[in-house]
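Working notes, beginning with the structure itself.
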Amino acid sequence: MTEPAAPRTTTLTVLMTPDMANFSGHVHGGAILRLLDQVAYVCAARYSGRYVVTAAVDQVTFRAPVHVGELVTFLASVNFTGITSMEVGVRVEAESVRERTSRHVMTCYFTMVSVNEEGHPIKVTPIQAETPDEKRRWAAAQLRRAFRKEIEQRSLEIRQHPEDFLDAAKE
């Protein structure tokens, strides 16, 4: 008997309550970030069958405010696997139950690393991109991974020698 395929997606829907509000009356970004990290953890842990840790979060842009009373759905998917890491993409949609409308409020990407009982990185099963959507997500994840490495290198250079970049920034 063959083992069932590991689940690649996770969906979480949460009611936004008054205790999540910031001073402007919208849902606090930190409350959303906490839920994002949780859904990315669940998605990566279910796929890998292991405990996972967050290594990076990319492209967190709040496209629209989230209001108290809305239902927020987090749609998470393992898009790519490295040796020990996984990219989990999370699309966030806010739904007004009264108005019966839904809108895309955010998409971001988490790099999650599978670890063993001692906390050391451990290999994950390579993902098999089969559908056109899975292939598109896998290719985009590879490009984001390369871009993230470029940003890390450039950021290190700037931290070490900011004066070398001041003239270029003025142009």
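Residue indices begin at 1 and follow the sequence shown.
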(message) Under a 3.5 Å distance rule, please check whether Ser48 uses its side chain to pair with a backbone N or O of Ser114 as donor and acceptor.
(response) no
(request) Check for a donor-acceptor pair, side chain of Tyr47 on one end and backbone N or O of Val88 on the other, with a separation under 3.5 Å. (result) no
(message) Atom CD1 of residue position Ile83 - does it have more than 12 heavy atoms of other residues, nucleotides or ligands inside 6.0 Å?
(response) no
(message) Are Ile122 and Arg50 packed together at the side-chain level, in the sense that at least one heavy-atom pair is separated by less than 4.5 angstrom?
(response) yes
(message) Under a 3.5 Å threshold, yes or no: a donor from one side chain and an acceptor from the other, between Thr13 and Thr73?
(response) yes
(message) Looking at Arg34, I want to see if its CZ is surrounded by more than 12 non-hydrogen atoms of other residues, nucleotides or ligands under 6.0 Å.
(response) no
(message) Between Arg159 and Ser155, do the side chains contain a donor N or O and an acceptor N or O under 3.5 Å apart?
(response) yes
(request) Indicate, with yes or no, if Ile151 and Val57 share a hydrophobic cluster defined by side-chain heavy-atom contacts under 4.5 Å among Ile, Leu, Val, Met, Phe, Trp and Tyr. (result) no
(request) Establish, yes or no, whether a centroid distance under 6.0 Å links the rings of Phe110 and Tyr41. (result) no
(request) Classify the side-chain pair Asp133/Thr131 by whether it contains a donor and acceptor separated by less than 3.5 Å. (result) no
(request) Share the residues that join Val97 in a hydrophobic cluster, the rule being Ile, Leu, Val, Met, Phe, Trp or Tyr side chains under 4.5 Å apart at the heavy-atom level. (result) Leu15, Leu71
(request) Please test Arg8 against Glu134 for salt bridge (charged side-chain N to carboxylate O under 4.0 Å, His left out), starting from the C-alpha separation and ending with a verdict. (result) CA-CA 10 Å; Arg8 294 173 60 163; Glu134 290 170 349; 3.4 Å; yes
